[in-house]
Amino acid sequence: SNRQELDMTRNLQKLEEQLRKQNISSRTFLITGGNSGFGYLVARTLLRAGGRVILGCRSEKRARDACERLKVESGSQHLSYLLVDMENPKSISDCVEAVKSQQLHINVLVNNAGVSMVHTYIESPTGVEKTCQTNYLGLVQFTELMTPLLEREEDPRVINVSSLTYVKGRPAVIDAQHLPLQRSEYERFNAYYRSKYLVTSYTQYYARQHPRVFAVACDPGVAATNIARELGVIGWLYSRRFFQLFAPTWKGACTIAFAAGSEEVKSVCGSGKMCCKCRRKELIPAVCSKQEQDAIHDATVELLKRTNVV
């Protein structure tokens with residue numbers, strides 16, 4: 001435990017020092033799901049390095065509590081929050097309107113909010129399966145609405161939190177009906193893998209469509225974060241202190257913060273690629289197919305239309 005804490009301190013401090021030397025004091029990072037887990041540690045790292053952070057959270061109480069803790073732990077006051085719920089298209093568009101009305105200048109969007117291993121088939125208010133809506137459709141809607149604002153800023157970036165498990169999630173049929181898992185075929189692991197495959201595909205599509213924005217998918221690894229709340233017994237294990245020995249949250253946070261803040265990430269990874277352990281991770285050929293990416297995007301637009309977003 002003490003060794004882990006020492007490792008975390010050393011590694012995150014090293015990244016903080018690197019970012020401080022770059023001078024990220026003029027940059028603002030909007031981090032969804034920033035009140036716990038990876039998002040919280042990423043926010044703290046960027047704040048300590050001198051950046052400005054806005055947390056995107058579903059709950060006002062959790063957002064306020066996280067902001068108070070982060071201000072104490074980082075020693076920075078350059079922190080605020082916006083309310084956004086990836087299951088709720090109106091909440092997403094309201095958040096973007098708040099960014100506009102408050103004239104906030106966002107340089108980096110970190111799409112970190114997500115759910116994992118939802119036990120049974122649950123439909124979001126949009127009518128789409130919960131994991132697909134939260135981890136993918138909401139992310140696409142938010143990113144597309146934010147893009148015109150990002151493109152006005154210096155060195156704009158979109159960081160999508162994915163997972164190496166995406167390799168298990170390729171859809172057999174690509175159309176609006178089959179992107180999310182249906183009730184009859186629902187299985188919690190497959191729903192998660194599918195959402196991450198779609199995010200990884202979208203990151204590459206987005207990078208092609210928006211060459212001015214640096215976009216990267218991040219694999220933070222499995223870690224003991226609050227996302228495990230959906231995991232039952234496995235989640236209980238994840239939440240135990242000893243599990244941090246095998247899957248410490250800080251390692252994942254380090255990769256996300258590196259992608260969000262570091263100048264080095266552009267030469268290390270390249271836009272549209274996957275970043276894992278602060279290094280480029282080669283993607284499987286299927287997800288790199290531009291034809292497939294276009295087909296998934298077309299199906300996504302159709303699905304967003306059905307949920308009255310487009």
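Quick note: numbers below take in every heavy atom, side chains included, and nothing from hydrogens, waters or symmetry partners.
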A.B. asks: Please list all pairs passing the salt bridge (charged side-chain N to carboxylate O under 4.0 Å, His left out) test where one or both residues lie in residues 97-120, with sequence neighbours left out.
C.D. replies: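 The answer is E97-K100.
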
A.B. asks: Checking E87 now: which residues fulfil salt bridge (charged side-chain N to carboxylate O under 4.0 Å, His left out) with it, not counting sequence neighbours?
C.D. replies: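 Expected list: K130.
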
A.B. asks: Who pairs with T45 by side chain to side chain donor-acceptor pair (under 3.5 Å), at least two apart in sequence or on another chain?
C.D. replies: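 With neighbours one apart ignored, the set is empty.
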
A.B. asks: Applying ring pair (Phe, Tyr, Trp, His ring centres under 6.0 Å) as the test, list every pair that has at least one member in residues 263-298; sequence neighbours left out.
C.D. replies: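 For residues 263-298: Y205-H297.
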
A.B. asks: For K71, check side chain to side chain donor-acceptor pair (under 3.5 Å) against everything at least two apart and list the hits.
C.D. replies: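 Not a single residue meets the side chain to side chain donor-acceptor pair (under 3.5 Å) criterion with K71.
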
A.B. asks: Could you note down all residue pairs passing ring pair (Phe, Tyr, Trp, His ring centres under 6.0 Å) where residues 126-164 supplies at least one of them, sequence neighbours left out?
C.D. replies: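 Every pair satisfying ring pair (Phe, Tyr, Trp, His ring centres under 6.0 Å) with a residue in residues 126-164: there are none.
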
A.B. asks: Considering only residues two or more places apart or on different chains, which pairs with a residue in residues 189-217 satisfy salt bridge (charged side-chain N to carboxylate O under 4.0 Å, His left out)?
C.D. replies: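 Those involving residues 189-217 are R208-D294.
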
A.B. asks: With sequence neighbours excluded, what pairs up with T203 under the side chain to side chain donor-acceptor pair (under 3.5 Å) test?
C.D. replies: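 N160.
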
A.B. asks: Under the rule for side chain to side chain donor-acceptor pair (under 3.5 Å), what residues qualify as partners of E151, not counting sequence neighbours?
C.D. replies: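 With sequence neighbours excluded, E151 shows a side chain to side chain donor-acceptor pair (under 3.5 Å) to H210, given in chain and number order.
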
A.B. asks: With sequence neighbours excluded, what pairs up with K90 under the salt bridge (charged side-chain N to carboxylate O under 4.0 Å, His left out) test?
C.D. replies: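 D94.
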
A.B. asks: By the salt bridge (charged side-chain N to carboxylate O under 4.0 Å, His left out) test, which pairs, at least two apart or in different chains, include something from residues 170-186?
C.D. replies: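 Pairs touching residues 170-186 that pass the test: R170-E292.
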
A.B. asks: Among residues at least two apart in sequence or on other chains, which ones pass side-chain contact (heavy atoms from CB on, under 4.5 Å) with S59?
C.D. replies: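 If we apply the side-chain contact (heavy atoms from CB on, under 4.5 Å) test to S59, skipping adjacent residues, the hits are K61, R62.
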
